[in-house]
2 protein chains.
Amino acid sequence: MKIGQVSKKTDLSVQTIRYYETQNLIKSAGRTDGNFRVYDSKVIEQLEFIKHCRHLDLSLSDIKRINELRDNPNAVCEEVNELINDQVKMVKIKMKELRHLKTQLEALTDSCSNNQKVGDCGIIKSLQECDC
Amino acid sequence: MKIGQVSKKTDLSVQTIRYYETQNLIKSAGRTDGNFRVYDSKVIEQLEFIKHCRHLDLSLSDIKRINELRDNPNAVCEEVNELINDQVKMVKIKMKELRHLKTQLEALTDSCSNNQKVGDCGIIKSLQECDC
DNA sequence: CTTGACTCTATAGTGGCTATAGATATTAAA
DNA sequence: TTTAATATCTATAGCCACTATAGAGTCAAG
Ligand SMILES: [Zn+2]
Ligand SMILES: [Zn+2]
Ligand SMILES: [Zn+2]
Ligand SMILES: [Zn+2]
């Protein structure tokens, strides 16, 4: 299987697949005489795994670590747990920041009646005076 | 006033202030004989304005646009309003994504009892089997 | 044998900074 | 006055996870 076919099967761009290789997340099985990458079907599973992890916004280095752990099925899975828990913490922090942001932005939209002159616009006034 | 003092007053790093200059968000009033940037107190207000906008996660190009509008106090402020409304939309989208993320991550943590072997870990199994 | 689709490497760009390196300028202490 | 410490200058590279080129080579169908 060549890279274009892998791309179609996984819905990842060809560049992304090559990028994952540079980051040592995957390997091609080898090359053709013409230097084209050749893959076996195992790579599809690996890329789907990476995709799921990326959906969870795990970093590529976290994913690399999880892959290393997967290669030692007898190790204790504590570290996997920690990775996911840290990710939950990060998500909670981001959510809190976004809630704060939303409150502030909506207060701003409330302070403008849309057809004022810029010089009188409540939004711009608020941005000048805000003391956060 | 030299850049170090501006940095202290605004709590922005010297590099950040210089970066904002490269992006045409601020200008120094001039240079000393030794080529050091010189600022008047006006720049403090400008940088505070930028800081407030950044707190709202507005992009530097949005901030630049708002600054241009501030220079035309007789223009209608509709565009400012649109910028902020777009930002609210973005924040809402991101919050939705994060809520989805949090649900998935918490389901993952529930699927592992922490002291299993990697080969039996529910987290890793879920990551393999997930069909999202 | 040519055409077109595919692949290769290398490089630059994204955003908003941060962090160097190496040179010059200014200020304060000795 | 010399010297040492601090501040500033420009230019450049790095961060993250890609994306998008350019220019060259490879391969299959007609
Ligand atoms: Zn998934
Ligand atoms: Zn307004
Ligand atoms: Zn503020
Ligand atoms: Zn587990």
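None of these values were measured; they are calculated from a predicted model. Quick note on labels: first sequence line is chain A, next is B, and so on, each numbered from 1.
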*Please check if B:Leu25 and B:Ile44 belong to a single hydrophobic cluster, counting links between Ile, Leu, Val, Met, Phe, Trp and Tyr side chain heavy atoms closer than 4.5 Å.*
yes
*Between atom CG in B:Asp57 and atom P in C:dG15, what is the gap in whole Å?*
14 Å
*Determine yes or no for a side-chain-to-main-chain donor-acceptor pair under 3.5 angstrom, with B:Arg18 supplying the side chain and B:Thr22 the backbone.*
no
All N/O donor-acceptor pairs, side-chain side in residues 1-16 of chain B, below 3.5 Å, sequence neighbours left out:
residue: B:Ser7; atom: OG; partner: B:Leu12; partner atom: O; Å: 2.7
residue: B:Thr10; atom: OG1; partner: B:Val6; partner atom: O; Å: 2.8
residue: B:Thr10; atom: OG1; partner: B:Leu12; partner atom: N; Å: 3.3
residue: B:Ser13; atom: OG; partner: B:Thr16; partner atom: N; Å: 3.0
residue: B:Ser13; atom: OG; partner: B:Thr16; partner atom: OG1; Å: 2.8

*OH on B:Tyr39 to CD on B:Gln46, rounded to 0.5 Å*: 10.5 Å
*Give me the bend of the helix from C:dC1-D:dG30 to C:dA30-D:dT1, using the axes of the five pairs at each end, rounded to 10°.*
30°
*In whole angstrom, give the distance that lies between atom OH of B:Tyr20 and atom C1' of C:dT18.*
12 Å
*Can you measure from CG (A:Leu127) to CD (B:Glu48) and round to the nearest 0.5 angstrom?*
12.5 Å
_B:Leu60 CG to C:dT18 P, straight-line distance once rounded to whole Å_ = 12 Å
*Taking CD from A:Gln23 and C1' from D:dA17, how many angstroms apart are they, rounded to a whole number?*
9 Å
_Salt bridge flag under 4.0 Å for residues A:Glu79 and A:Arg65_ = yes
*Which residues, if any, of residues 87-98 of chain A bring a heavy atom under 4.0 Å of DNA chain C?*
none
_Rounded to whole Å, how long is the line connecting atom CG of B:Leu12 with atom P of C:dA19?_
14 Å
_Nucleotide of C:dA19, D:dC18, C:dC17 approaching A:Tyr19 most closely (side-chain heavy atoms)_ = D:dC18
*Hey, does the side chain of B:Ser61 come within less than 4.0 Å of C:dG15's phosphate (OP1/OP2), counting only N and O?*
no
_Phosphate contact (D:dC18 OP1 or OP2) by A:Thr16 side-chain N/O below 4.0 Å_ = no
_Test salt bridge (Lys or Arg N to Asp or Glu O under 4.0 Å) applied to A:Lys94 - qualifying residues, sequence neighbours left out_ = A:Asp57
*Taking the side chain from B:Gln87 and the backbone from B:Leu56, do they hold a donor-acceptor pair closer than 3.5 Å?*
yes
*Expressed in angstrom and rounded to an integer, what is the separation of B:Arg54 atom CZ from C:dG16 atom P?*
5 Å
*To the nearest 0.5 angstrom, please state how far the CG atom of B:Asp86 sits from the CG atom of B:Asn81.*
10.0 Å
*Mind jotting down which residue pairs meet the salt bridge (charged side-chain N to carboxylate O under 4.0 Å, His left out) criterion with at least one end in residues 98-119 of chain A? Sequence neighbours excluded, please.*
A:Lys102-A:Glu106
*Can you tell me how far P of C:dC6 sits from CE of A:Met1, to the nearest Å?*
16 Å
*With a 4.5 Å limit on heavy-atom distance, are the side chains of A:Lys92 and A:Val88 in contact?*
yes
Can you give me the N/O atom pairs linking the protein to nucleotides 6-10 of chain D at distances under 3.5 Å, or say none if there are none?
residue: D:dT8; atom: OP1; partner: B:Gly4; partner atom: N; Å: 2.9
residue: D:dT8; atom: OP2; partner: B:Gly4; partner atom: N; Å: 3.4
residue: D:dC9; atom: OP1; partner: B:Arg37; partner atom: N; Å: 2.5
residue: D:dC9; atom: OP1; partner: B:Arg37; partner atom: NH1; Å: 3.2
residue: D:dC9; atom: OP2; partner: B:Arg18; partner atom: NH1; Å: 2.7
residue: D:dC9; atom: OP2; partner: B:Arg37; partner atom: NH1; Å: 3.3
residue: D:dC9; atom: O5'; partner: B:Arg37; partner atom: NH1; Å: 3.4
residue: D:dC9; atom: O3'; partner: B:Arg31; partner atom: NH1; Å: 3.3
residue: D:dT10; atom: OP1; partner: B:Arg31; partner atom: NH1; Å: 3.1
residue: D:dT10; atom: OP1; partner: B:Arg31; partner atom: NH2; Å: 3.1
residue: D:dT10; atom: OP2; partner: B:Arg37; partner atom: NH1; Å: 3.0
residue: D:dT10; atom: OP2; partner: B:Arg37; partner atom: NH2; Å: 2.8

*asked:* Are A:Tyr19 and A:Ile63 linked, directly or through intermediate hydrophobic residues, by side-chain heavy-atom contacts shorter than 4.5 Å (ILVMFWY only)?
replied: yes
_Tell me the interatomic distance from A:Leu47, atom CG, to D:dA17, atom P, rounded to whole angstroms._
16 Å
*Could you pick out which residue, B:Ser59 or B:Asp33, lies toward the 5' side of DNA chain C when each is mapped onto its nearest nucleotide?*
B:Ser59
